[in-house]
Each structure stands twice: as C-alpha cells, then as structure tokens.
Number of protein chains: 2
Amino acid sequence: MSLSQVAKAAGVSKMTASRVLRGEGGYSEKTRDLVMEKVDLLGYLPNRLATVFAGDQISTFVGVSIPDLGNEVFSQVLEGIDRKLGAFGHQTVLGLTQHTPEEEANWIRTVLSWQPAGLILTGRFHAPRATDMLRNAGIPIIEIWDLNSSPLDMSVGINHFDAGFDMGRYLVGLGYRNIAYVGTSHDTANAATTRLAGFTKAVEGGSGQVTKQLCLHDTAAYYPGYYGTEQLLASSPYIECIFYQNDAMAFGGLQYCKANGMDVPVDIGIAGWGDLPVAAVLPQRLTSMHVPHLKLGQAAAEMMIARLSGEPVTDVRDIGFKLIPGSTVRNLAGLA
Amino acid sequence: MSLSQVAKAAGVSKMTASRVLRGEGGYSEKTRDLVMEKVDLLGYLPNRLATVFAGDQISTFVGVSIPDLGNEVFSQVLEGIDRKLGAFGHQTVLGLTQHTPEEEANWIRTVLSWQPAGLILTGRFHAPRATDMLRNAGIPIIEIWDLNSSPLDMSVGINHFDAGFDMGRYLVGLGYRNIAYVGTSHDTANAATTRLAGFTKAVEGGSGQVTKQLCLHDTAAYYPGYYGTEQLLASSPYIECIFYQNDAMAFGGLQYCKANGMDVPVDIGIAGWGDLPVAAVLPQRLTSMHVPHLKLGQAAAEMMIARLSGEPVTDVRDIGFKLIPGSTVRNLAGLA
DNA sequence: TTGAAAGCGTTACCAG
DNA sequence: CTGGTAACGCTTTCAA
C-alpha cells in the first residue's frame, strides 16, 4: 500500500497526496477530503523509512543503551527517558549492554546504521572503536548516569566519586573505622567502581580503612547481597560497617544480619546506595543515597529533544544526590 | 559516507563493493581486500534504511509494548525479550503504553510506519483501530502476558483467570471466608481484572466472599499497598485475608500490618502475586504465585525469531504459574 | 568476476 | 493549486 496507490485511487498525483498527508497546505478542501477518504478506505500507513530516506528529514529514533533491567535503578531511568521521548514523538531503540564495552560497541554499530536522531548511553567508558563511530556519527550523544565533565557531546548524571566520598565521610564521621564493601565485579570500570574509589578515599582520609572489598561474580541484587554478607562475615568477623554497591544488595545484607541474630545498627552498620522505592514501607530506614532516577531519565530526554530542535543546551548537567542518614548505622562517638 | 564513495575510493563499482560488504561471493580476494581497506579507512557504516528499503529485505526491528517499568515484573519480561532478540540480531523498539489502549494504538501506528519485522504486545485488549492496523500489517504479532487462546496471531503467557481462581481456591481451602482485594484501577480491562474475576469466582464458589475490592487510582507499587491496606482496614476491620494485585502491594500491606502490631498470618492473611526476587531474602515467605517472567519474555522472542525464520511455530504457548504457599496465610481448619 | 540500469516510497524542486 | 522529475543509498536483475 503506497502513496501512489492512494493517489491513483483519488485521481491525483502522488505529490498532491503527499502534501495532503503532511498537511503542509497547497491544496483545495475538496482535494484533501478526496485523498483522506481514500487513505481511510485503503488503510494506508506511510512508510517512514522512505520519508527519512528521501528528504533531509531526521529519523525519530533515539538509541538508548542500558546495562540491565534487573537493577531497578536503570528501569526507572529508562522509564523516564522513554516517557519523555514518546511525548515528543520519538521512539526508543533499546540496547541492553550488560555493562560490557564490547556489547555496547556492537550495539552502537547496529543502531547507527538505522540513522537514529540521537543516542543516549549509560556510562562514560566506551570501547575505542565505539568512540570513533560516535564522533563520526554527527548526531547528539548523551552520556548518562556517570557524569562526564568532558563528555563526547553531552552528559547528565551525578558525580559518583563525590557520592562515594560523601558516604565514606559520613560513616567515618559517625566513628566507623573498620569498614567493608560488598559489590559485584566487572571487567571494566563503571560508576560503582568510581563510587568505591571515592568512598575509599574518604574513609582512608578519615583514618579508617576499607578492610575488605568483596566483589561477587553475580548481579547486584537482593540475594547476592545476602550471601555476600555471609561470605564477608565468615572471613572478616570484626567488620563494624558494610557499604554495599546498591540498596538491593544492602537490603539482602540487612536481612542476613537479622536472620543471624545481629542487631542493626548496634552490632553492625549497613549502608546502601540508590534509595529504592521499597524503602517507603520498611520499618527501618536504610542508610542510603537518594538519586532522582526518573528525573535523570527525563532530563536526558529533554536535553536530546532540545538539541534536536536546535535550542541552546547546557552540555553537562549534574542531577545531584542526597544522603539519607537512615537508621541502619549509628553514631559511635563516645562509645569507644 | 555512502557505498558509492567507498566504491569510488576502491576503484570499483558500487555493486562490487556491495557484494563484498555482504560477503555473498562473486569477487576476487584482491578486490575484497581493496574494498575492505577503504571501508575501514573511511569508517563507512551501511545505511540499513536504504537496505531494507531497496530490497524485499525485512527490517530487524521488533516493536515491543510494555505497560510500565515501575512494575518489576514487566522489567523482567522486557529483559528476557531484548536479550534474546539482541542475540539474534534484532532490535527492540520500546513503547511504554501505560495500560491504555489509546496510547497503545498511537504507538502501534508509529511503529508500523517503521516497517518492523514483528510486534510483541503486552495484553490482549486493543483499541479497534489498533486491531485493524495489526491485521493489515502482515507481520508476526505476539500478544504476551495475558494468554490469548484465539490470538490475533500468536500468544505467550498465562491464563490469569485460572491463576486468580487457583489462589482463591487455595485461600478458601484454608478456611478463609471474609476476603478482600487491594489493587489499582484502570479504564480498561487487563490481566489483573481477569485475575480478580477468577479469584472472585473461586471464593464465591467456595462459600466465601470477596467482601471488599479496593481499587486505588495509583500505581501497583509498595507504598500504595501500604496505604491501601490502611484504608481497607479502616472501613472493613473484620477482613480475614487480603489478596493483592501483586507482590509489591502485598509487601506494602504486610509492612502496614506489622507496623500496626498485627501478627501475620495469625491476625490477618496476606497473599500477593508474581513472586518478586526480593522474596529470596525475606524472613517470612510471602504467599504468592510464581510466574517465570524472564522465561516468558525469552519465549516470546524465540517465537518471533522462529516465525521470522520460517520455522513452524506453535501459536499459543502457556508458560505456566505455580502457587507458593508461603507463611503469610495459615490453615484455619479446626480453629473456628 | 565485474558493472550498468532500474527501482524501492517518499519528498524537494521546479513548471505549469 | 497541481503535477512531473530527480534524488536519497542500496540491491536486484541482467549483460558483459
């Protein structure tokens, strides 16, 4: 079902039909009614491939790469992006890149070949060949999540080093000295790595130490937090406080501690990261750090849309975070 | 950067270059090396728009509509779909359709205009104009989640009526009679509605009754479960057991009960639906129903790929569910 | 093994 | 207000 067929049915040229369909004027009422009647009758749907292909027109695709959706945080970011993008007539082409630059690079190559209007990528670490392709693409690129102060093009997110640092300073400030970290391991550096670096710096600068770093070969989810804590405490029973890669792991750890008769925060301190929605209904507030995930996604989509519309855009936007003191850690001052 | 430019640089015709790039044979070693050298040099990326457009070739896009990602269940389904699709060289074009047929229909129209290879839609209730478009599209369509025994084309999911029925029968079998439901409201019927219908039928058939149905104008998440329970118990204090739309709401409800000094399951029974991953670390097993969400998504993607490859496909696939007895309900037999 | 020409569905541009 | 023609980047088909 093509435009020519509609045009033929209506007894006009395809140019006239094209003009009617785009509503750009230059035809009579009568002609329009005639054409639209045939469009409805034949159930004609324009072929956007041809449209983009023909004109200088830009496609309405935006490629969005996300590490994984098992992590609620990224689901929220994606939700923010797609809702906002959709509201402006754009479509998300999704890529779940598993935190690996290799997968990301492959996905970038494929998506670029579809002539997207722009790309939104999670993280700031890309394979060299990906970087080359991105530079040559000549389309807006936004790096989200891990704020990149000298981005390929644009960036929205937070400074994970600072976020880790603030949490470290907070815990040391409460009097914790012998602190552990539980997270997952990745082949490549990512935001969690950066957070840990900031965290370690603050702890060591405050005369504490990150005694043990346990990096599991698993997903950063509830159950790994549970058994990771078990592993950690089996080998290092004198830990005073544990900082987790995210809230899901921290919650798993919290449950492990409770299940094994520990009193949190009296026997051990627990701190997470990300502030999951489930926190709203829990009796004990998890010490964590709030990041406006949905807003982050929306901000990225807005930046993309602004850039595509030729509006002036600030290239780097820090979306901010907020420490949540919670009640899973306590002030040790005067107790030593 | 087009194929002709590469061809010109290599001193061959674009047909030769095209053949080399597709690796379909019909050229000499020397020619291939020459062309590939220029491809690398110029950083040429094929324009897939043109490829699909030119040949009878099918695009590698698959449109996937999902109600929302705030619900962990759908994140998992999407993860299953995209991973499997990606492994076979297809790309997900996402649509968050908010549970409304209107939004879905708009999205379908847009996505179809991009000539997707197929469509995966959540739910079985579509706007009439959507159904028309889908029928005319002539591409594989899979309706997931809510199993459709006479689908538009194909369907994978579970029978939500049966799932609700089984839970109802289970609770009535334990001796519960005065049961309430807490969920969210939607303009249109969806799987939750169907579950509730099956649930009600089983309860009433077992001489119990669904005394109160509380449908909140909110998302089916933790906190609505919490305050929904508060509202419910304020108006109907004699409820023996509450069935929730999903586990997130049930967990919120459970927390409300505990926070208010109730003993679950002694004072009140709690049952959820969907079996969230967080259950793995909780001390008390939530009575729920397990659905293999990730597998469901993978199965849908596999069906799509099989159909696109021309392999024979079973059109309707029931992915099954499993009741999880849990410990948030109890057997009332002999206690009356 | 290679190349020239036609065409995919649409829009830009220019004539009428 | 309307229509013809060329062009977008690629593949198909046919000829050399």
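Just so it is clear, the values below take in all heavy atoms, side chains as well, and ignore hydrogens, waters and symmetry mates. Order of the sequence lines sets the chain letters (A, B, ...), proteins ahead of strands, with each chain counted from 1.
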Query raised in the report: What is the nucleic acid contact for A:V12, judged by heavy atoms within less than 4.0 Å: base, sugar-phosphate only, or nothing?
Result: sugar-phosphate
**Report entry** Positive for side-chain contact (heavy atoms from CB on, under 4.5 Å) with A:I144, one of A:L121, A:V156, A:V64
**Finding:** A:V156
**Report entry** For the student: nearest non-hydrogen atoms of B:M154 and B:P140, plus distance
**Finding:** CE-CB, 3.8 Å
Query raised in the report: With the threshold set at 4.0 Å, does a side-chain nitrogen-carboxylate oxygen contact exist between B:D40 and A:R129?
Result: no
Report task. Using whole Å, report how far CD1 of A:I58 lies from P of C:dT11. Result -> 16 Å
Report task. Start with the C-alpha gap between A:L147 and A:I158, add the side-chain angles, then the distance that decides, and say whether side-chain contact (heavy atoms from CB on, under 4.5 Å) holds. Result -> CA-CA 5 Å; A:L147 191 70; A:I158 66 162; 5.6 Å; no
Query raised in the report: Taking the side chain as C-beta and beyond, is there a heavy-atom pair between A:T193 and A:H186 under 4.5 Å?
Result: no
Report task. Please determine if a side-chain N or O atom of A:T16 lies less than 4.0 Å away from the OP1 or OP2 oxygen of D:dG3. Result -> yes
Report summary line: Counting primed atoms, P, OP1 and OP2 as sugar-phosphate and everything else as base, the B/S/- map of nucleotides 6-16 of chain D against protein heavy atoms under 4.0 Å is --BBBBB----
